[in-house]
Amino acid sequence: MKNYLRKFYYGDIPDDKVGGNNNETSKNPPLGGRGADWPLWEVFIRSKQGLDHKHVGSLHAADAQMAIENARDVYTRRMEGVSIWVVESKYIHASNPEQAGEFFEPAVDKIYRHPTFYDLPDEVNQM
Amino acid sequence: MNTFDLEKIFQEKIDGEIKIEPKDWMPDAYRKTNIRQISQHAHSEIVGMLPEGNWISRAPSLKRKAILLAKVQDEAGHGLYLYSACETLGITREETINDLHSGKAKYSSIFNYPTLTWADMGAIGWLVDGAAIMNQVMLTRTSYGPYARAMVRICKEESFHQRQGFEILLVLSRGSEEQKAMCQDAINRWWWPSLMMFGPHDSESTNSEQSMKWKIKRKTNDELRQNFVDMCAEQVKILGMKLPDDKLKWNDKKQHYDFGEIDWNEFWNVVKGNGPCNKQRLDARRKAWEEGEWVREAAAAFAEKRKARQQAA
C-alpha cells in the first residue's frame, strides 16, 4: 500500500509536477509511542427514542468507555443521538459481497411474499 | 473470474449508479486514487484548523469566540470522518498521518497562507469554505460509499461555516472606515488562493478523466471554479466590496462571468512547499503529535487499569 500514495490535493495535482520528497514514506520510521495503535471501533447511534441504532462510522479509542465518549464528540455534536453503541471492528462479521448473488437468491423468486401479488376486488378496501 | 471481467462488472456498477463498498472488488488504481484523495481531504480538515486556531484567543467577542471554537471543532470532526472512510480502503490511520508529517501527502494549499486580521476569519468562511462546499456537494454523490456518506455528514455541518463567515464580513462592511478597509483587504488576499483550491485547468489535470469515468469526481476543476466565481461575483455585491480582478465581467453569451488568469507560478510554488506558512503548519502538526504522546500513553494505561479492575470485580 505504501508506494501507492501520490502527492495530490483535492483539486487535482499530477505527481510529476510536484517536487520534493516524493517517495520518502518507505524510509520514514513509523510513528512512535503508544496510542498510535488504539483499536478501531464501529459506532451505532439511536437518533431518537423509538428508532433503531444505525451505523454512522468508526473511530479509534483505547477502550469502550473512551470510544463512547469520542463517539459523542465526533458524531453527536448537533444532538444527532440519544444513545450510542460501540463495538470493536474486529468483532463484526459480514456476508461476502462476491457471493451476494447466491446468498440472497432464495428471496428472489418468492413474489407471493409481497401483498401486491394478490389481486383482490376493489370492494375489499384497505387490506 | 479474471481481472478483465471484474473490471467490466465494476464499471457497470459505476455506470448504473451503484455505490462501491469497502469489501467489493475494485481496481487497484481506484483504491489508490480514493486513498490519496480522501486522505488529502482529511489532512486539509486537520491542517485547516491551524489558521483559524490563531484567532480563537483573539476573537472580538465571547460570541465570536464560541462560534469559532465550534467551527474548529467541526473541522476536527470532519477530519475524523474522512480518516475513517480512508481506513476502509486498507490503509492504517498511522500510515496516513505519517504521510502527512513526512510531507509526502498533501493538504489543500490554501492553508499555507497566513491569517493576518480578524476579517480573515470572515473571508475564510465565505471564500475558502465556500470553495470547499462546491467540491464537497459534488462529492456527496461520489462512487465510493464511505466517502459519499462522510461527505453528506460534512455538508450538513459546513453551511454554518460559510454563513458565519459571510456574516463576519457583513458586519465589518457596515462598520467604520477601518473595518470596511479590513474587510476589503481580506477579500483581496483570499480571493485568488480560493480560486486555486479547485486545482489546475482541466487541460493540465491528468487524472481528471479517469476520476470522472469512475465517478469519483462528477464535475471538472474548471466547471467547479466557474460555478464558484458566478456565485461570489453576486454575493460580493451584498457586501458592497470588490473582488480583486479587473477582468471579472458578466458574459451574456456564455451566461457566466469571465475572469482573469490565476498566477500558476504561485500555485505550484505553494504546492511544492514554498508558501508563506508550509513549514509552520507541518511543524505544528508534528509538535501536536509529539507533545500528545503522554496523553496517548496515559489513556492506554488507564484503559488497561480499568480492564484489570473490571476483571477483578
Side-chain angles (χ1 to χ4, degrees), chain A residues 1-43 55-67 70 73-75 77-78 80 89 94-98 100, chain B residues 21 23-25 28 31-32 35-37 39-41 44 73-74 77 80-81 84-85 87 90-91 93-95 97-99 101-109 135 149-150 157 196-200 204-208 211 221 268 271-273 289 293 295-297 299-300 302-303 306-307:
Chain A
M1 193 61 61
K2 287 198 163 163
N3 294 324
Y4 286 173
L5 279 180
R6 301 169 61 190
K7 287 192 156 190
F8 229 74
Y9 97 113
Y10 67 96
D12 237 338
I13 298 170
D15 241 0
D16 45 2
K17 301 239 177 172
V18 183
N21 43 0
N22 239 355
N23 296 313
E24 267 189 9
T25 301
S26 43
K27 281 181 257 159
N28 283 319
L31 295 174
R34 287 166 67 187
D37 52 356
W38 285 342
L40 189 65
W41 301 75
E42 299 300 321
V43 180
H55 183 246
V56 293
S58 55
L59 49 76
H60 288 267
D63 67 2
Q65 187 61 39
M66 184 180 177
N70 287 359
D73 293 342
V74 177
Y75 292 104
R77 284 192 304 281
R78 289 175 176 76
E80 290 95 336
S89 307
S95 63
N96 185 347
E98 273 156 45
Chain B
E21 294 296 341
K23 292 181 117 192
D24 295 349
W25 186 91
D28 272 353
R31 188 183 296 276
K32 282 182 243 168
I35 287 178
R36 187 191 60 230
Q37 191 174 322
S39 68
Q40 281 174 4
H41 199 158
S44 300
Q73 195 191 10
D74 272 355
L80 290 171
Y81 303 153
S84 299
E87 273 178 292
I91 185 167
R93 178 77 57 98
E94 191 183 357
E95 275 177 286
I97 293 177
N98 199 14
D99 283 345
H101 292 183
S102 76
K104 177 173 181 270
K106 289 281 136 183
Y107 52 88
S108 185
S109 282
N135 194 43
R149 291 192 287 274
E157 302 184 352
M196 293 178 197
M197 284 176 74
F198 297 97
E204 298 270 315
S205 180
T206 48
N207 286 358
S208 235
S211 286
N221 296 353
W268 290 114
V271 172
K272 282 173 184 162
W289 177 263
E293 183 167 352
V295 180
R296 295 192 297 275
E297 270 182 29
F302 184 64
R306 188 148 53 188
K307 198 169 150 198

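Below, chain A is the first sequence line, B the second, and so on; all start at residue 1.
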Quick check against the 3.5 Å criterion: does [X] have a side-chain atom that pairs as donor or acceptor with the backbone of [Y]?
| X | Y | answer |
| --- | --- | --- |
| B:S44 | B:S108 | yes |
| B:Y81 | A:V74 | yes |
| B:S84 | A:G57 | no |
| B:D99 | B:K104 | no |

Side chain, backbone, both or neither of B:R306 within contact of chain A (heavy atoms, under 4.5 Å): side chain
Contacting moiety of B:Q73, where chain A heavy atoms sit under 4.5 Å: both
For chain A, which of B:D74, B:D24, B:V295 has the most heavy-atom pairs under 4.5 Å?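 Top option by heavy-atom pairs under 4.5 Å: B:D74.
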Would you compute the distance between atom CZ of B:R296 and atom NE2 of A:H60 and round it to the nearest 0.5 angstrom?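 Here the interatomic distance stands at 12.5 Å.
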Among the listed options A:D73, A:L40, A:V56, A:N70, the residue most often paired with chain B at heavy-atom distances under 4.5 Å: A:V56
A:A100 versus chain B, heavy atoms under 4.5 Å apart: side chain, backbone, both or neither? neither
